[in-house]
Amino acid sequence: MALLKTEGLTKMFGNFKAVDDINIDVQKGEVYGFIGPNGAGKSTTIRVLLGMLKATNGKASIFGKDVWQDAVEIHKRIAYVPGDVNLWPNLTGGEVIDLFMKLRGGAMNKNRREELIGKFNFDPSKKCRTYSKGNRQKVSLIAAFASDADLYILDEPTSGLDPLMERTFQECVMEARDEGKSVLLSSHILSEVERLCDRVGIIRDGQIIESGSLDELRHLTRTNLNVETKQQITSLDDMKGVHHVERKEQALSLQVDTENLDDVIRHISQFGVVKLESAPPTLEDLFMRHYEGASASGGES
Amino acid sequence: MNQQSFANTGKLVRFILRLDRFRMLIWLLALTFFTLMVPLAFLDLYPSQADRDVMAETMENPAMTAMVGPGDLGNYTVGAMTAHQMLLLTAVVVGLMNILLMNRYTRSEEEDGRRELVRSLPVGKLANLNASFIILSLLNSLLAIITGVGLYALGIDSMGLSGSLLYGLILGVTGLFFAGLTALIAQITENARTVFGFSLALLLIAYLIRAIGDVGHEALSWVSPLGWVTAAEVYSANNWWVLLLLIGGTLLFVALAFYLNAIRDLDAGFLPSRSGKRQASPLLLSPLGLAFRLQRTGIMSWAIAMLLVGVSYGSVMGDLDSFFGSNEMMQQLLASQEGTSFTAQFVSVLMVVVALIGTVSPVMAVLRLNGEEKKDRLDHLLGRAVSRTRLVAGYLVIAVINGFLMLSLAAGGLWLAAASVMEEPFAFGEIYGAGLAYYPAMLVMVGLVVLLIGFVPKVSSVVWLYVFYSFFVLYFGGVFQFPEWVGKLSPFGYIPELPVDEMEWAPVVILIVIAVGLTAVGMLGFNRRDIQG
């Protein structure tokens with residue numbers, strides 16, 4: 001069942017198409033990664049989903065309700081963490097956490113609040129003006145994970161966190177998923193997405209250019225190979241599906257399109273394989289492939 | 001404190017000048033302009049010594065003394081009048097300027113992390129503080145010279161060279177005194193807001209202490225640096241030695257500030273930073289509660305100010321009839337009518353002024369919504385189970401109660417003070433009703449702000465122009481003989497001027513309907529538009 005679904009979602013600012021015909025869906029119990037560089041339209045999409053911005057065209061629904069019409073009803077069951085958390089300088093972190101939890105409605109889970117404050121190593125008695133970016137994000141994260149939401153919408157939630165806190169965050173996400181909650185995670189930290197997400201959508205210039213599970217995405221792309229052979233491999237460069245061949249003495253590294261993998265391995269094996277390493281492409285490889293050459297046309301941020 | 005501590009001060013001085021030249025220029029121009037305008041205006045308003053003596057009589061009451069300090073009422077020349085009515089208040093404003101600027105160059109810089117960047121360069125530990133002092137010394141010296149020489153250049157008989165220079169120097173040195181005080185506090189506390197709050201509080205306490213002293217306990221006035229300002233008796237006794245007191249105090253503060261700056265860490269202070277609440281009080285936990293909490297200090301300060309405005313206007317009501325009877329300019333301002341006392345007319349004009357000052361607070365209360373939106377903080381609320389209508393309603397409730405409170409305090413204060421000085425005082429209902437009659441017009445302004453925020457949030461602060469327009473046409477309407485429709489462009493122009501006019505209910509009802517309409521349409525707009533961010 002899709003908890004969140006958009007169909008042809010489009011948002012214009014004047015003549016500028018910030019979000020262009022986006023179709024995504026987040027299923028119950030899954031973590032959906034929404035990746036793309038700054039200015040690609042991630043935050044705009046999320047703000048439409050939250051009912052802050054009115055879609056110019058298309059439909060978006062959460063829990064089967066319209067995100068614009070039924071915003072308040074929807075928000076009772078979601079938790080949102082913005083990337084840039086601007087807080088009130090003269091309230092303390094603890095006050096803001098309570099305020100956020102209360103405004104969402106539902107029961108205030110004091111134990112969960114204290115547990116998270118401990119986990120994130122956060123001091124709630126300081127005024128918000130003294131918090132660093134990471135600490136402001138903690139306020140928002142603690143309020144979100146202390147609430148009993150069905151869907152978490154997280155917009156670059158870890159850009160100011162240190163590696164330890166980043167791990168705590170990942171644990172919170174995994175815990176939520178294990179409880180059958182859904183998460184929409186927008187990020188440009190690809191290792192994080194790779195680790196947490198079941199499916200991803202890659203956005204560029206307001207359009208989704210690729211989406212699916214990581215396995216599916218990998219299938220569309222190349223495998224990295226490192227080979228060492230007894231004899232020098234010949235006529236490799238002319239083979240179909242072979243890219244980026246680099247020779248280092250006896251060793252050779254290359255990328256192979258997934259559909260040509262069989263042919264290439266057969267060819268290589270004629271030369272007496274001493275060592276063969278293969279690695280799936282990282283998300284970064286996938287991502288870079290989509291962006292290489294595209295930056296010239298899509299650099300509005 | 002070695003030589004290195006001051007390295008590159010000169011470059012920092014030039015840097016601050018470059019950053020803030022316009023800010024400083026505007027302060028300088030505004031202060032000079034008002035200082036030089038007032039004696040000219042007095043010369044116009046009270047051309048003969050007889051006029052001025054009547055004025056002196058009006059000033060001879062405890063409330064005025066508390067407000068502006070003692071004056072040479074026995075020999076009330078234009079010079080004595082200027083020094084009496086203007087010097088203390090101008091010195092307070094100069095003090096405020098120095099507090100704002102010194103805090104801006106010291107603790108604000110440090111808190112925002114810019115000082116750290118500068119300090120990582122070959123810049124001395126004390127260079128920033130040193131540069132800030134040099135800048136403010138320059139600014140205050142310029143102010144002293146320009147106002148001093150300027151006042152003398154007006155060529156008014158009672159304003160001699162010695163007195164004029166003393167007037168300017170008092171302003172400049174008082175400024176430096178508060179610059180020094182602020183620099184010292186900026187070393188002690190850790191954040192700029194507290195520095196401002198503390199320094200301003202000390203400025204106001206200094207003002208209050210001398211107010212109490214001047215009214216009855218003369219010795220007390222000597223505790224306050226602002227008491228020294230009036231003790232200079234500019235344009236009569238010209239006591240130059242009070243400058244020494246102010247300079248001595250300044251040097252003490254400066255030396256302490258340098259010492260503390262030298263021994264402390266960057267970003268640190270000397271007060272343990274107080275822990276705040278770990279948990280929110282239940283009162284905070286709603287959009288309304290949050291909106292109130294954010295504006296609490298501002299509303300309370302404004303409320304006290306309104307009460308003081310009311311009380312100080314009320315306190316001069318005692319001998320107004322004799323005063324106005326002899327002053328042509330004032331008669332024009334009040335557009336004399338047969339059959340009503342001057343005092344009653346004065347009340348009716350005052351009420352417009354009071355109502356418009358009171359309008360500032362509720363208008364600010366609603367505009368705060370726009371301020372929150374600009375800072376991307378509305379997403380926190382609207383991203384949770386808070387509807388837009390509930391959000392706006394929170395700010396609206398505060399504005400509506402706020403406006404009522406402001407009018408009540410000012411009118412109540414005015415009645416109370418007037419009743420204590422008049423032989424035949426007004427009935428409470430008469431004064432309170434005259435003030436409250438403006439409430440519907442105030443609500444129209446509030447509704448207008450909601451409308452602007454609903455449709456054109458980026459320009460919502462143009463409402464201030466409308467408030468200012470209303471003030472201008474209604475206050476000066478009589479003097480400039482504006483045609484009637486000019487006043488009718490403001491909602492305040494439709495309110496019957498009690499207690500002179502008869503009460504009319506039609507405009508009141510219509511204005512309330514308009515206010516509700518504007519608000520409803522504005523809310524509709526806010527519900528339909530994108531939230532900026």
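Just so it is clear: chains get the letters A, B, ... in the order the sequence lines come, proteins before strands, and each one is counted from 1. All values reported here derive from a predicted model rather than from experimental measurement.
- With respect to chain B, the highest number of heavy-atom pairs below 4.5 Å among A:M52, A:K127, A:E73, A:K102 belongs to A:M52.
- Heavy atoms from other residues, nucleotides or ligands lying under 6.0 Å from NZ of B:K458 number 12 at most.
- When the shell of 6.0 Å around CZ of B:R528 is examined, it contains 12 or fewer heavy atoms from other residues, nucleotides or ligands.
- Counting non-hydrogen atoms of neighbouring residues, nucleotides and ligands closer than 6.0 angstrom, the CG atom of A:D148 reaches no more than 12 such neighbours.
- Taking OG1 of A:T56 as the start and CG of B:D530 as the end, the distance is 7.5 Å to the nearest 0.5 Å.
- Neither the backbone nor the side chain of B:P282 comes within less than 4.5 Å of any heavy atom of chain A.
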### Message
Using the rule given for side chain to side chain contact (heavy atoms under 4.5 Å, CB included), can you reason through A:D98 versus B:L284, listing the C-alpha separation, both sets of side-chain angles and the distance that settles it, and then say yes or no?
### Response
CA-CA 9 Å; A:D98 283 353; B:L284 173 67; over 6 Å; no
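- Residue-environment remark: NZ (A:K17) stays at or below the threshold of 12 foreign heavy atoms within 6.0 Å.
- Of the listed residues (A:M101, A:K76, A:R129, A:R104), the one with the most heavy-atom contacts under 4.5 Å to chain B is A:R129.
- Of all the listed residues (A:V96, A:L99, A:D123, A:L50), the one sharing the greatest number of non-hydrogen pairs under 4.5 Å with chain B is A:L99.
- Taking A:L91, A:I97, A:D84, A:I78 one by one and counting their heavy-atom pairs under 4.5 Å with chain B, the maximum is reached by A:L91.
- Judged purely by atom type and a 3.5 angstrom limit, B:R377 uses its side chain to pair as donor or acceptor with the backbone of A:L87.
- Heavy atoms closer than 4.5 Å to chain A are found in the side chain of B:L290, but not in its backbone.
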### Task
Show the numbers, then the answer: is there a side chain to side chain contact (heavy atoms under 4.5 Å, CB included) between A:W88 and B:K375?
CA-CA 9 Å; A:W88 300 275; B:K375 290 190 173 132; over 6 Å; no
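- With a 4.5 angstrom heavy-atom cutoff, A:R47 touches chain B only via side-chain atoms.
- The neighbour count for B:E116 CD, taken as heavy atoms of other residues, nucleotides or ligands under 6.0 Å away, does not exceed 12.
- Around the CZ atom of B:F198, the shell of radius 6.0 Å holds no more than 12 heavy atoms that belong to other residues, nucleotides or ligands.
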### Task
Take A:V85 and B:H380, measure what side chain to side chain contact (heavy atoms under 4.5 Å, CB included) needs, and give me the verdict at the end.
CA-CA 9 Å; A:V85 186; B:H380 295 315; 3.9 Å; yes
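- How far CG of B:N191 is from OG1 of A:T130: 8.5 Å, rounded to the nearest 0.5 Å.
- Atom NZ of A:K54 is surrounded by more than 12 heavy atoms from other residues, nucleotides or ligands within 6.0 Å.
- Chosen from B:D379, B:V386, B:L382, the residue pairing most often with chain A at heavy-atom distances under 4.5 Å is B:D379.
- The number of heavy-atom neighbours closer than 6.0 Å to NZ of A:K133, taken from other residues, nucleotides and ligands shown, is above 12.
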### Query
Do B:R278 and A:E114 pass the salt bridge (charged side-chain N to carboxylate O under 4.0 Å, His left out) test, and can you show the C-alpha distance, the side-chain angles, and the key distance before you say yes or no?
CA-CA 10 Å; B:R278 288 178 63 89; A:E114 290 310 313; 3.5 Å; yes
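- Under the 3.5 Å distance criterion, the side-chain polar atoms of A:H75 are matched with a main-chain donor or acceptor of B:R384.
- Residue A:F13 touches chain B through its side chain alone, counting heavy-atom pairs closer than 4.5 Å.
- Comparing B:Q532, B:E111, B:R390, B:R293 by heavy-atom pairs within less than 4.5 Å of chain A, the highest count is held by B:R293.
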